[in-house]
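Following: one structure in structure tokens, then a few remarks.
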Amino acid sequence: MTTNTGSMRKNFGPLLADVAVPIGSYYLLKSGFGMGTVAALGWSSVVPAVRTVWGVVAERTINAFAVLILFVNVVGVLLSFVAGDPRLMLAKGSGVSSVVGIGILVSVVMGKPMMTAGMKPFLVKGSSEREAAFERLLSGSVAFRRAERRFSLVWGVMLLAECVARIVGVYLLPVDTMVWLGTVVMIGTIVVTSVVSGGVAVGPMAQMIDAELKGGDAPSPAVVPSLVVAR
């Protein structure tokens with residue numbers, strides 16, 4: 001029970017800091033303290049920015065995605081004092097989705113799908129046998145590699161679509177509405193993308209790993225012909 005609670009805190013803690021706190025602080029600052037829309041948006045970006053900096057300092061590592069989030073949040077704060085345009089400040093959130101989405105698609109074209117690192121733990125489940133099977137299939141199965149690329153492709157396309165949807169909403173709907181609706185769109189995109197990518201990629205890949213493991217320690221089909229020739 002303690003392990004599960006710790007795991008949930010680790011997984012949902014950053015989400016709470018980056019999503020729930022900014023939304024709550026925006027409405028608190030604007031409605032509770034009478035702060036202007038632009039100032040409330042700017043100051044509500046401070047918590048995620050501070051959390052990102054603290055994470056980098058505490059872990060003593062530089063995560064490219066964390067740095068990107070930090071940059072976007074800092075830009076949001078600066079825009080509150082320079083641009084004075086609340087819609088532009090809301091649109092900056094879509095910049096994260098667009099940059100990450102484009103980066104993912106580029107990685108697929110280059111043959112090094114960016115999302116594989118995040119997907120792999122769900123497939124290997126901490127098992128050295130499953131990890132070995134994963135690596136064998138990755139190097140010897142065309143179908144497995146296609147599914148790997150398909151996973152990142154789905155995420156890249158969906159993140160770009162989410163970016164477009166949020167930008168359209170920012171300039172067509174009231175600012176107060178988009179403060180919470182933008183987050184709903186983001187979370188909804190993540191949920192839908194997880195389901196779709198799981199069905200078209202993770203599920204088939206898991207089945208291939210299971211089939212590979214049923215063969216015991218036998219070599220994968222991709223290397224059998226060379227072994228037969230050697231005999």
Side-chain angles (χ1 to χ4, degrees), residues 1-15 55-56 59-69 96-162 186-187 189-231:
M1 182 65 68
T2 302
T3 302
N4 292 336
T5 302
S7 177
M8 290 180 63
R9 185 180 297 109
K10 180 179 180 181
N11 292 331
F12 292 100
L15 180 63
V56 172
E59 296 175 4
R60 299 181 182 278
T61 57
I62 299 177
N63 182 284
F65 185 73
V67 172
L68 176 61
I69 296 295
V96 176
S97 298
S98 62
V99 171
V100 175
I102 292 172
I104 292 174
L105 294 178
V106 170
S107 72
V108 173
V109 174
M110 295 179 64
K112 297 180 178 180
M114 185 185 299
M115 296 297 292
T116 299
M119 168 188 59
K120 185 177 178 181
F122 292 96
L123 290 171
V124 302
K125 302 175 182 178
S127 167
S128 58
E129 290 80 8
R130 292 186 68 85
E131 182 168 3
F134 180 96
E135 296 299 334
R136 288 197 301 271
L137 289 168
L138 194 60
S139 61
S141 171
V142 174
F144 194 81
R145 289 197 299 271
R146 284 177 179 170
E148 176 204 19
R149 292 193 296 270
R150 194 156 55 238
F151 181 83
S152 286
L153 183 63
V154 169
W155 276 95
V157 170
M158 291 296 288
L159 285 176
L160 285 180
E162 184 256 355
M186 177 188 68
I187 295 176
T189 299
I190 293 175
V191 172
V192 172
T193 306
S194 298
V195 173
V196 173
S197 61
V200 302
V202 178
M205 293 174 75
Q207 293 176 357
M208 283 185 267
I209 291 177
D210 292 338
E212 176 76 7
L213 290 174
K214 288 181 179 178
D217 296 328
S220 63
V223 299
V224 169
S226 62
L227 294 179
V228 173
V229 173
R231 291 179 181 176

For Val109, check side chain to side chain contact (heavy atoms under 4.5 Å, CB included) against everything at least two apart and list the hits. none
Does Met158 have any side chain to side chain contact (heavy atoms under 4.5 Å, CB included) partners at least two apart in sequence or in another chain, and if so, which? Val154, Thr189, Val192, Thr193
Can you list every pair that meets ring pair (Phe, Tyr, Trp, His ring centres under 6.0 Å) and has a residue in residues 126-148, with sequence neighbours left out? Phe134-Phe144
Drop me the distance from Ile190's CD1 to Leu159's CG, to the nearest 0.5 angstrom. 8.0 Å
Where do [X] and [Y] come nearest, in terms of heavy atoms and distance?
{"X": "Ala133", "Y": "Leu213", "value": "CB-CD2, 3.9 Å"}
{"X": "Ser152", "Y": "Val108", "value": "CB-CG2, 3.5 Å"}
{"X": "Gly118", "Y": "Pro121", "value": "O-CD, 3.5 Å"}

Residues which pass side chain to side chain donor-acceptor pair (under 3.5 Å) with Ser197, listed by chain and number, not counting sequence neighbours: Trp155
Check: residues 199-210 side-chain donor-acceptor pairs under 3.5 Å, at least two apart:
{"unit_1": "Asp210", "atom_1": "OD1", "unit_2": "Arg130", "atom_2": "NH1", "d": "2.8"}

Quick test of your reading: applying salt bridge (charged side-chain N to carboxylate O under 4.0 Å, His left out), list the pairs with at least one residue in residues 141-153, sequence neighbours left out, ordered by first then second residue. none
The criterion is salt bridge (Lys or Arg N to Asp or Glu O under 4.0 Å); which residues satisfy it with Glu131, sequence neighbours excluded? Lys120
